[in-house]
Amino acid sequence: MQFTKLPTQYSPVAEGQIYRLDAGSVSTFDVQLLDCFNNLLAAKRFAGVRTAEFDVYPYLYRLLKFEPAVEPTGFYFIADRMVQLRIWAGGTMCNERIFFPGTTIHEEPEVKTTMPLSRIIARGEPDELTIFSSSACMPELAIYNEDGSRRTEWYDFDEQGMVIFKIDTSQYPDAERLVLKTDDWAVEYTVVPKIAGSRRLAWRSSAGSIEHYTFPAVKSEALEADKTRAYGSEGVVTTAVKSRRRTTLCSAFERQEVIDALAEIVCSPEVWELSDGVYMPVDVTTTSAVIRRNGAMSTLEVEIAGRKTEGI
């Protein structure tokens with residue numbers, strides 16, 4: 001048994017991740033998909049063939065798990081956001097391949113994001129950066145305070161691959177600007193006071209990251225009720241009520257690159273609202289993003305609803 005085609009190392013979890021193999025003669029054989037610990041993930045049988053090929057994307061996609069990290073500032077390795085795959089076929093084991101979420105092959109050190117690298121964040125809010133590094137990574141975090149002072153913190157991660165870097169601005173109560181940088185990239189945060197009534201969302205992006213944005217305004221709220229009624233001799237009786245709150249959020253006036261990133265919230269498979277340090281899953285009930293333009297700047301509206309219903 002010989003593998004004649006393998007996906008490129010650090011390929012995205014996307015369609016077209018093809019394995020091709022040659023058995024040497026017409027035969028029947030099993031193919032097993034294994035994780036890095038040789039646990040069986042899936043299996044497939046080919047009967048009466050010499051060569052075979054298969055796309056592992058359907059198996060990879062369901063293995064990815066995203067959940068925002070609630071941690072202090074620093075590096076964190078999240079194994080569930082990547083897939084380490086081995087293929088066993090006819091007594092032959094191919095070389096391990098690592099697949100990352102997103103749409104591109106990962107080669108150069110970079111921040112995997114759909115948001116701009118120059119950002120605004122409210123005091124006390126966290127953010128999360130997804131970073132790919134082809135070697136040891138040691139960025140510096142420069143903290144510029146309101147009184148004009150500056151100090152620097154260094155962080156290091158000595159493994160190759162994808163990690164997240166969590167920034168918690170509550171650790172820097174006097175900061176007005178934060179800059180995280182390496183020789184290859186830099187992310188700059190301007191720290192502003194928090195707006196009363198603002199709502200911070202996090203969502204899984206097409207880049208394979210979890211992005212954050214604070215919507216400064218709530219345009220409208222509505223309570224949606226679903227009643228179960230019984231009809232009897234004495235009239236209508238309500239036997240159960242389930243409700244959930246629907247909220248329309250409006251962004252600040254933003255550049256087009258920010259609006260394009262926010263528009264992904266509508267089609268994201270996972271969206272959360274951050275409140276009091278807890279990420280709660282929410283449903284995005286709008287099927288299209290409403291964008292209102294005013295010259296070079298635009299706003300975006302999106303409606304969300306809590307996934308948990310309340311009974312009365």
Side-chain angles (χ1 to χ4, degrees), residues 67-78 81 100 102 104 106-195 198 200-203 205 207-216 251-262 272 274 276-277 279 297:
E67 187 172 346
V70 182
E71 301 288 352
T73 298
F75 275 114
Y76 298 93
F77 180 75
I78 307 282
R81 295 193 199 174
F100 290 127
T104 58
H106 304 78
E107 295 177 341
E108 301 298 327
E110 62 178 330
V111 178
K112 307 298 293 184
T113 182
T114 56
M115 295 286 281
L117 298 182
S118 179
R119 309 178 178 191
I120 295 175
I121 190 169
R123 187 163 285 110
E125 290 182 340
D127 197 30
E128 179 181 309
L129 300 174
T130 301
I131 299 169
F132 175 78
S133 181
S134 55
S135 59
C137 183
M138 190 171 67
E140 66 171 44
L141 177 63
I143 301 104
Y144 297 86
N145 294 321
E146 295 174 336
D147 61 4
S149 63
R150 176 187 184 274
R151 64 185 177 91
T152 303
E153 297 177 355
W154 284 269
Y155 298 86
D156 65 273
F157 187 81
D158 58 3
E159 295 185 21
Q160 180 179 355
M162 187 174 289
V163 295
I164 66 167
F165 190 90
K166 191 75 175 184
I167 290 183
D168 186 354
T169 59
S170 65
Q171 296 178 227
Y172 315 104
D174 299 322
E176 63 176 9
R177 192 159 64 96
L178 301 170
V179 181
L180 182 72
K181 65 179 181 179
T182 67
D183 293 337
D184 300 295
W185 50 263
V187 181
E188 180 176 345
Y189 293 90
T190 300
V191 184
V192 300
K194 188 172 184 177
I195 299 174
S198 60
R200 190 160 180 81
L201 297 187
W203 67 97
S205 78
S209 58
I210 291 181
E211 306 292 354
H212 289 69
Y213 181 83
T214 297
F215 287 81
S251 76
F253 282 96
E254 301 283 5
R255 304 185 307 276
Q256 189 60 45
E257 58 183 329
V258 178
I259 294 298
D260 290 343
L262 295 181
W272 303 265
L274 174 60
D276 296 326
Y279 288 90
M297 309 294 278

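For the single chain, residues carry numbers from 1 onward in sequence order.
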Heavy atoms only: give me the nearest [X]-[Y] pair and the separation to one decimal.
X      : Y      : result
Ala175 : Ile143 : CB-CG2, 3.8 Å
Pro216 : Ile195 : CB-CD1, 3.7 Å
Arg81  : Pro68  : NH2-CA, 4.1 Å
Ala69  : Tyr279 : O-CE1, 4.1 Å
Thr169 : Gly124 : OG1-N, 2.8 Å

side-chain contact (heavy atoms from CB on, under 4.5 Å) assessment of Tyr172 paired with Arg151: CA-CA 11 Å; Tyr172 315 104; Arg151 64 185 177 91; 3.4 Å; yes
Distance in Å, [X] [atom1] paired with [Y] [atom2], rounded so as to fall on 0.5 Å steps:
X      : Y      : atom1 : atom2 : answer
Thr73  : Asp127 : OG1   : CG    : 10.5 Å
Thr130 : Ile210 : OG1   : CD1   : 7.0 Å
Glu188 : Thr190 : CD    : OG1   : 5.5 Å
Phe100 : Phe132 : CZ    : CZ    : 5.5 Å
Ile164 : Leu129 : CD1   : CG    : 9.5 Å
Thr214 : Ile120 : OG1   : CD1   : 10.5 Å

Hey, are the side chains of [X] and [Y] touching, using non-hydrogen atoms and a 4.5 Å cut-off?
X      : Y      : result
Val179 : Arg177 : yes
Pro139 : Trp185 : yes
Val258 : Pro116 : yes
Pro72  : Lys166 : no
Trp203 : Leu262 : yes

For [X], look at atom [atom1] and say whether over 12 heavy atoms of other residues, nucleotides or ligands are found less than 6.0 Å away.
X      : atom1 : value
Arg255 : CZ    : no
Met297 : CE    : yes
Lys194 : NZ    : no

Going by side chain to side chain donor-acceptor pair (under 3.5 Å), name the residues that satisfy it together with [X], two or more places apart in sequence or in a different chain.
X      : result
Ser170 : Asp168
Glu110 : Lys112
Ser149 : Asn145, Asp147
Glu140 : none

Val187/Val111 under side-chain contact (heavy atoms from CB on, under 4.5 Å): CA gap, chis, key distance, verdict: CA-CA 9 Å; Val187 181; Val111 178; 4.1 Å; yes
Set of salt bridge (Lys or Arg N to Asp or Glu O under 4.0 Å) partners for Glu67, sequence neighbours left out: none
Non-neighbouring partners of Glu254 that pass salt bridge (Lys or Arg N to Asp or Glu O under 4.0 Å), sequence neighbours left out: none
Expected output: side-chain Ser205 to main-chain Thr114 donor-acceptor under 3.5 Å: no
Backbone of Tyr144 reached by a side-chain donor or acceptor of Glu176 within 3.5 Å: no
Passing candidate, side chain to side chain contact (heavy atoms under 4.5 Å, CB included) with Glu153, options Leu180, Leu141, Leu178: Leu141
Residues Glu128, Phe165; criterion side-chain contact (heavy atoms from CB on, under 4.5 Å); working and verdict: CA-CA 6 Å; Glu128 179 181 309; Phe165 190 90; over 6 Å; no
Please check if any side-chain donor atom of [X] sits under 3.5 Å from a side-chain acceptor atom of [Y], or the reverse.
X      : Y      : result
Arg200 : Ser198 : no
Tyr213 : Glu211 : no
Arg119 : Thr113 : yes

Ring centers of Phe75, Tyr155 separated by less than 6.0 Å: no
Test log, rule side-chain contact (heavy atoms from CB on, under 4.5 Å), inputs Phe215 and Leu201: CA-CA 8 Å; Phe215 287 81; Leu201 297 187; 3.7 Å; yes
